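Just so you know, these numbers come straight off a predicted model, no measurement behind them. Below, read A as the first sequence line, B as the second, and so on, with proteins coming before strands; counting in each chain starts at 1.
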Amino acid sequence: MKEQLRRALLRALQSAQAAGDLPQFDHSALEFAIETPRSAEHGDLAANLALQLARPCRRKPRDIAEILVRHLAEAGGILAKAEIAGPGFINFFLNPTAWLAALPHIMGEGPNFGRSAWGAGRRVMVEFVSANPTGPLHVGHGRGAALGDALARLLEYVGCSVATEYYINDAGNQMATLGRSLLHRAQELAGSDQAFPDNHYKGEYIRELAEEYLKTLTGPAAPPSPGDQAAVKAAADWAGAKILDGIKDDLRVFGVEIDNYYSEQSLVDRGAVRASFDDLKARGLMYDNEGALWFAASRYGDEKDRVVKRSNGETTYFASDIAYHREKFERGFDQLIDVWGADHHGYVPRLKAAIQALGREPEALQVVLVQMVSLLRGGEPVAMSTRAGEFVTLREVVDEVGRDAARFIFLTRRSDSPLDFDLEVAKQKSLDNPVYYVQYAHTRVMSILRKAAEAGVNLPDPGQVDLSRLGLDEEVALARRLGEYPEAALGAAQALEPHRITYYLNEVAGAFHSYYNAQRVLGEDAGLTAARLLLSQAVGQVLRNGLGLLGVSAPEAM
RNA sequence: GGGCGGUUAGCUCAGUUGGAUAGAGCGUUGGCCUCCGGAGCCAAAGGCCGUGAGUUCGAAUCUCGCACCGCCCA
């Protein structure tokens, strides 16, 4: 719709110039907007073209607008009238059928309505969660998981080729700490009264794992000492694998399927870290200082250079990250998206520096930061302390409130805004709970369709419906809103902001609830019933498609 | 001390990439079931968009200063 008007306006501009009404100028850089005005008095759509032309034409915006409107040809019969208003806006009033035409189109496209080819040819990697396998996922990870998964779905929807990945930090110190924590607990269980070290993992899950681990051990000296390096390694490997299995299971229950789990250790073993060092050395971006190896990150906008290999020979996490992201590019991805906790934001400049050092544009890596989740119950904070190992796991939350509610609520805010997650609200079956509001609208549609079937009313053939029967303002407005869905999906994908879909769906649901309360769909008049059934079906279709983007179900009945 | 994010209705938050009279939910007040699911709807009240300047036809939106809040780094 907007595109049609845009083309019509550009033709009018050319025609005005050809007729000498407006001066010639280079309008290759011309940018103007066609938008929906806030107030209905200002028409269905409005263009600011004349305002933009004021400078190059050196004429008053209103005069230009008048000339443009005079040269405006009929744009395919959709235009009822065009007016000039305010400082020089051109307001377009469209024939209602222009909006209603969206309805048969939506039903024709079905599940594909809203898809686009914007991202065709782009290979995108979305990396998310990537929690260390030292404990179960907590609520904060859940938010990252919901976001990353929705982003992947969105990007695929708009034509990108998308892969998802979970990076496992299994090569560093935390794994050794995990191994020692496990062995300490194992020794306690075997009767030792040695104090548990303060900086180790204290969670109850470690104790449970230790119990299980003891059963796997055979031999006279079990359980081994936390001072035994080989034993620590073995314990860490065992516990890490166990915990990772648990994480995968948590994600599966949450409805998140990740294409690939990528091990940091495998990266090291394969020599990828060394290869990335060689690459950077060849570019003259590495140097030795005080026994350590440094990457010259400050040359690419980071505030200082960074150590990649310590004087004791250990490579840093950053070194692994450089190698990992380098590999992502080598595997053919040209757009990398990382979902991180906001507490890591200080890390962004150095990784972007690394990307550039490897010869990529800084924009080839986009980092989406996710703010904290505060868990509440009935308005009261739920105590959580990662340090003491006491936190509410994602699994517990999903078990209590359900997958749909958890996912939807995680996506009701922009990701860089902190989120209050109230367990009681998430369980409520009312308007307080946004997911029910949207799902309930879908259920109502389904209920109407069931009712129609019971009454022996056949669903209409979308192409045969007389759209002019939908004469109410609210019907046109609803159809119009539905027609905006592809634009909403594309905008959300481009901005990497799935919460826009949440808001959009809320608006559609609200418009439908309102309509439903005021008008009857099923009635005596067969033509009117058919038209309203089509409208209802289209609402259902759009709600299904949109909820699908969020990974939330669209139930037939609740 | 440097950096990042934030500041919009009593509360929680949107604001379509700079458009015309700033929106939604909760809460408050008052209405709506003979009716396709009331898990819903309608209406009212509620605002110096933190603050001071700048950019321009036009700023909640972009730039700079300042004030608070949160986080990261030293």
Side-chain angles (χ1 to χ4, degrees), chain A residues 2 31-43 46-48 50-55 60-62 64 85-89 91 301-304 306 340-350 367 369-372 374 376 379 409 412-422 425 427-455 457 474 484 487-488 490-492 494-495 497 499-500 502-504 506-507 509-523 529 532-533 536 555-558:
Chain A
K2 288 183 182 177
E31 278 188 20
F32 67 100
I34 295 184
E35 299 176 314
T36 58
R38 284 208 191 84
S39 161
E41 294 166 36
H42 298 134
N48 62 353
L51 295 153
Q52 304 290 340
L53 290 176
R55 188 183 292 256
K60 290 180 191 165
R62 285 197 68 106
I64 298 171
F89 288 101
N91 294 337
D302 195 9
E303 58 183 287
K304 59 186 179 187
R306 305 290 176 178
W340 292 357
D343 51 341
H344 293 99
H345 78 263
Y347 211 75
V348 176
R350 78 186 69 169
V367 180
L369 298 174
V370 188
Q371 272 290 354
M372 291 192 48
S374 308
L376 308 175
I409 291 172
T412 49
R413 300 256 180 286
R414 31 182 307 164
S415 70
D416 58 0
S417 168
L419 172 70
D420 287 337
F421 190 115
D422 196 310
V425 171
K427 280 191 293 186
Q428 253 168 49
K429 302 183 172 184
S430 72
L431 187 52
D432 295 343
N433 185 350
V435 65
Y436 278 93
Y437 188 71
V438 175
Q439 287 184 321
Y440 185 51
H442 183 262
T443 305
R444 273 188 157 162
V445 169
M446 293 299 117
S447 172
I448 292 171
L449 299 185
R450 276 195 301 273
K451 211 76 183 181
E454 285 168 20
V457 177
E474 42 199 306
E484 286 166 352
E487 205 178 324
L490 182 59
Q494 287 173 333
E497 292 181 348
H499 76 275
R500 293 191 190 191
T502 325
Y503 275 89
Y504 172 81
N506 199 56
E507 284 169 7
F512 183 70
H513 283 312
S514 183
Y515 177 66
Y516 175 92
N517 267 275
Q519 310 296 335
R520 278 191 67 87
V521 173
L522 304 175
T529 297
R532 289 183 168 178
L533 272 172
S536 304
E556 299 277 321
M558 294 165 66

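- Scanning atom types as modelled, one donor and one acceptor separated by under 3.5 angstrom connect the side chain of Asn91(A) and the base of A20(B).
- Contact annotation for Ala488(A): no contact, since no heavy-atom pair falls under 4.0 Å across all strands.
- Between the NE2 atom of His344(A) and the C1' atom of G5(B) there is a distance of 16 Å, given to the nearest Å.
- Nucleic acid contact class of Asp422(A) (heavy atoms, under 4.0 Å, all strands): none.
- Spacing of P atoms, C42(B) relative to G27(B), comes out at 15 Å, to the nearest Å.
- Listed here is the closest heavy atom pair of Thr443(A) and Met558(A): OG1-SD, 3.1 Å.
- Between the CG atom of Leu369(A) and the C1' atom of G3(B) there is a distance of 13 Å, given to the nearest Å.
- For Lys304(A), the listed nucleotide lying nearest its side chain is A74(B); candidates were A74(B), C72(B), C41(B).
- Note on Met372(A): nothing from the nucleic acid sits closer than 4.0 angstrom, heavy atoms only.
- Applying the 90° cutoff around 0 to the glycosidic angle, C33(B) is assigned syn.
- Glycosidic torsion of U17(B) falls within 90° of 0, placing the base in syn.
- Minimum heavy-atom separation, Leu369(A) to Ser415(A): O-OG, 2.9 Å.
- Separation of the C1' atoms belonging to C26(B) and A20(B) is 30 Å when rounded to the nearest angstrom.
- Ala557(A) comes within 4.0 angstrom of a nucleotide base, judged by non-hydrogen atoms across all strands.
- Counting non-hydrogen atoms under 4.0 angstrom, His513(A) reaches the backbone sugars and phosphates but no base.
- As rounded to the nearest Å, U61(B) and A43(B) have P atoms that lie 31 Å from one another.
- The side chain of Ala495(A) approaches U17(B) more closely than any other nucleotide in the set C4(B), C36(B), U17(B).
- Residue contacts for His499(A): at a heavy-atom cut-off of 4.0 Å it reaches the sugar-phosphate backbone alone, with no base atom in range.
- Taking a pair to require two hydrogen-bonding distances under 3.5 Å in either a Watson-Crick or a G-U wobble arrangement, U63(B) pairs with A53(B).
- Scanning for ring pair (Phe, Tyr, Trp, His ring centres under 6.0 Å) contacts around Tyr516(A) gives an empty result, with sequence neighbours left out.
- At the heavy-atom level, Ser447(A) lies under 4.0 Å from base atoms of the strands shown.
- Across all strands shown, Tyr347(A) has no heavy atoms under 4.0 Å from either base or sugar-phosphate atoms.
- Closest approach to the Arg414(A) side chain among G19(B), A14(B), U12(B) is made by A14(B) (side chain taken as heavy atoms from C-beta onward).
- Between Arg532(A) and C36(B) there is no side-chain polar atom (N or O) within less than 4.0 angstrom of OP1 or OP2.
- What you find for Ala557(A) and Arg450(A) is that their closest heavy atoms are CB-NH2, 4.2 Å.
- Below the 3.5 angstrom threshold, one finds no donor paired with an acceptor across the side chain of Asp416(A) and the base of G5(B).
- Contacts of Pro349(A) with the nucleic acid, taken as non-hydrogen atoms under 4.0 Å apart, are absent.
- Note: Leu490(A) CG to Arg500(A) CZ = 9.5 Å, rounded to the nearest 0.5 Å.
- Using a 4.0 Å heavy-atom distance criterion, Glu454(A) is classed as making no nucleic acid contact.
- Using a 4.0 Å heavy-atom criterion, one finds that Ala518(A) contacts no nucleic acid atom at all.
- In terms of heavy-atom proximity, Ser536(A) sits nearest to Phe512(A) at OG-CE1, 4.1 Å.
- Distances shown here put a side-chain N or O of Tyr516(A) below 4.0 Å from the OP1 or OP2 atom of G38(B).
- Taking the P atoms as reference points, A45(B) lies 13 Å from A24(B), given to the whole Å.
- The side chain of Ser514(A) contributes no N or O atom lying less than 4.0 Å from OP1 or OP2 of G40(B).
- In this structure, Gln519(A) and Glu474(A) approach most closely via the heavy-atom pair NE2-OE2, 3.7 Å.
- At a threshold of 4.0 angstrom between heavy atoms, the contacts of Ser417(A) are confined to the sugar-phosphate backbone, with no base atom among them.
- Closest contact between the side chain of Tyr440(A) and the listed nucleotides U17(B), G40(B), C71(B) involves G40(B).
- Taking the side chain of Leu522(A) as heavy atoms from C-beta on, and the options C36(B), U12(B), G15(B), the nearest nucleotide is C36(B).
- In this structure, Phe89(A) packs face-to-face on the six-membered ring of A20(B), meeting both the 5.5 Å centre cutoff and the 30° plane limit.
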